[in-house]
Participant: 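Sharing a structure here in structure tokens format.
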2 protein chains.
Amino acid sequence: MREILDIQKQLLPDLVDTMKKRYTILHHIMVSGLVGRRTLALSVGATERVLRAEVDFLKEQGLIEVEASGMRISVSGRELLERLEPLVKDLFGLTELEERIRSHFGLKQVIIVPGDSDVSPHTKKELGRAGASVLRKLVGEDETIAVTGGSTMAEVAYHLTPATPMKGCWFVPARGGLGESVELQANTIASTMAKKAGGRYRLLHVPDHLGEDAYQSLMQDSHIAEIIAFIRGARIVVHGIGEAMVMARRRKVDPETTESLRRDGALAEAFGYYFDRDGNILHKMPTIGLRIEDIHCMDHVIGIAGGKSKGESIASVLKHGHEDVLVTDEAAAWEVVNRLLS
Amino acid sequence: MREILDIQKQLLPDLVDTMKKRYTILHHIMVSGLVGRRTLALSVGATERVLRAEVDFLKEQGLIEVEASGMRISVSGRELLERLEPLVKDLFGLTELEERIRSHFGLKQVIIVPGDSDVSPHTKKELGRAGASVLRKLVGEDETIAVTGGSTMAEVAYHLTPATPMKGCWFVPARGGLGESVELQANTIASTMAKKAGGRYRLLHVPDHLGEDAYQSLMQDSHIAEIIAFIRGARIVVHGIGEAMVMARRRKVDPETTESLRRDGALAEAFGYYFDRDGNILHKMPTIGLRIEDIHCMDHVIGIAGGKSKGESIASVLKHGHEDVLVTDEAAAWEVVNRLLS
DNA sequence: AGCACTGGGACAAAAAACGTCCAACAAAGC
DNA sequence: GCTTTGTTGGACGTTTTTTGTCCCAGTGCT
């Protein structure tokens, strides 16, 4: 059922909205018993005229009966509502979830795709598609977009398609070497995105596990300094979110630091920073690029991550409080919400 | 899957059309590889401007990539098409079927609901809903609508809803007593329809199994003659279709006639007439009302019947050649088509 | 009888869709 | 290299649809 809805949404994006609207109206009519147009318009929050069009439609479909004294639901209408119930539960469930997370963390937008990325690879693809879609909508002309690495970001890159406003955009890695494998590195992702979207890219080549002195001398290099300044000029950053300990292991963080992270209760990782349960920064990976203060004053900070296992991590990063858009999946979203309650 | 589509069609009737249109375009783009707007418009049969809007939409959705040299399908687009395949098979299967039957018998319209009325009561309901819907669309103001009896017609009556143009309509039985049980008699159906639709009705009370002399004296009665003339003035007739032998048994036709019907290969029954395989009339029930010649010159002859078992009967009646609209279900439709091939 | 509703007709204004051009550009054939 | 044929995307007037806003004739309840 979800599957078919996902497909339809691609061919008819406002299908869900229209169905919701008409369901709401029909449902209102049912619970009201006998109700008038103006009263109804008020209670569903529509102008009289548009509601009238909807009512005409429902009448045409034989879902309601309208007499001079008002309108009531018909037999077919009642039947339809019953059959619609499971569908609507899905339809509304996710949007309700989206709104709950959105308002609690004060985000601009939350997008939840159905499923669990941990279990189904297809959900991860959907996540990528949703991420690509939101980026396409948010991006302006000649903008710089900073991206991070990770498998989810790779999926986003894969699903990006050329859009006119993206032609002049620059894709850059948010931060330098973070110890990822090549195909999941921010550099790779940035260049893939640029190719897919028809934009341009600049890379930041930094060796992993940089020592303090090497770090300093690197910053002296005018070439590097220039590209870093360029990156810091980005107004949009798109990043994945990872589980702290998983990321530490994958990136071969040294044992002492790992132990310290564990001791301090590190939960999440995003663009090279490690966060605890309350969204505090515990540790910063020793590399260059966007600093946390750069991210704080961005126009659009877009976090993309899914899977039940990442729920807690996502919540931690949201708690840090500087995200604008979250793209996640249903399983992770429920985890986030559950943590709100406890 | 069918279920969900049925539901959606009620809330969004042109969902299927839109999906088909967009699928067709996308599919065309895929097989064409790289194709231009005008070429495409020609091959899918749309004007350039509307196709342009569709193309803009597909681009917006990231399903196609458009360059200066033409447009091609994107990765997401190809993926979507794959996932869409089973859905489209359903979507198109029925309409293809409809068109095949329509053109072969020269009908104005064929409507096929998914399922098999023999097996699923729900399909029978859908049949009733579809029948009610087509009647609602076809009916004009102050019209007379002749109806027959039967369980399918009862279902149609049940799903009728008040529509403005129907307010002034008269519902009348097509023919007098045909030996049905009370709740399935044409009289009952006519009055139910009138009540449901907000129209008026006139009844024709004729005893079953009328003798020849009684028949004659009945016709003399000015009251009866007047209502019969009224019935014959109908421009719309909605009727069920039955299997000849089943109907004969149910209506307790006398053994000699039954045997004669069997001998002559009676297959179908409709409004009191029995038809053979080639649509010839074999027998006429001895009662009064619409004659076959009245039906031949009607504006809209609407036949409604479903279930695999009725497929042959439906084909026979269609062969008779004076139907305008057929409402049936998928199982019966396939039977009809299979008989065309053999 | 009066009141607070109702649906539906009417009509102008605003918005969206559409048909029809054209300019700038890309690719293929010659 | 040039022509021809195809491409996209912009522009613009026309038509159609949607929307906002009245008003009128009813209906049901008190």
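Here is how names work: the chains are called A, B, and so on, in the same order as the sequence lines, proteins then strands, and each is numbered from 1.
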Participant: Regarding B:Arg136 and B:Thr161, is there a side-chain donor-to-acceptor distance under 3.5 Å anywhere?
Facilitator: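 Result is yes, a qualifying pair exists.
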Participant: Check whether A:Glu143 reaches the backbone of A:Gly140 with its side chain - one donor and one acceptor, N or O, closer than 3.5 Å.
Facilitator: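 Yes, A:Glu143 side chain to A:Gly140 backbone: donor-acceptor pair under 3.5 Å.
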Participant: Rounded to the nearest 0.5 Å, what separates atom OG in B:Ser74 from atom CG in B:Leu26?
Facilitator: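 One gets 8.0 Å once the value is rounded to the nearest 0.5 Å.
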Participant: State whether a side-chain donor-acceptor pair under 3.5 Å links A:Lys20 with A:Thr95.
Facilitator: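 Yes, A:Thr95 and A:Lys20 have a side-chain donor paired with an acceptor closer than 3.5 Å.
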Participant: So, the side chain of A:Arg235 versus the backbone of A:Met298: is there a donor-acceptor pair under 3.5 Å, distance only?
Facilitator: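 Not at all, since once roles are kept as given, no pair shorter than 3.5 Å links the two residues.
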Participant: Extract, from 5' to 3' on DNA chain D, the first and final nucleotides lying under 4.0 angstrom from some heavy atom of chain B.
Facilitator: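 Using the under 4.0 Å cut-off, the span is D:dG6 to D:dA11.
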Participant: Tell me, please, whether A:Phe57 has A:Arg22 positioned over its six-membered ring: NZ or CZ under 6.0 Å from the ring centre and within 45 degrees of its axis?
Facilitator: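 The answer is yes, since A:Arg22 meets both limits relative to A:Phe57.
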Participant: Just by protein heavy atoms under 4.0 Å, how would nucleotides 4-23 of chain C read 5' to 3' in B, S and -?
Facilitator: -SBBBBB-------BBBBB-
Participant: Validate the cation-pi geometry between B:Arg202 and B:Phe230: distance from NZ or CZ to the six-membered ring centre under 6.0 Å, angle to the ring axis within 45°.
Facilitator: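 Cation-pi check for B:Arg202 and B:Phe230: passes.
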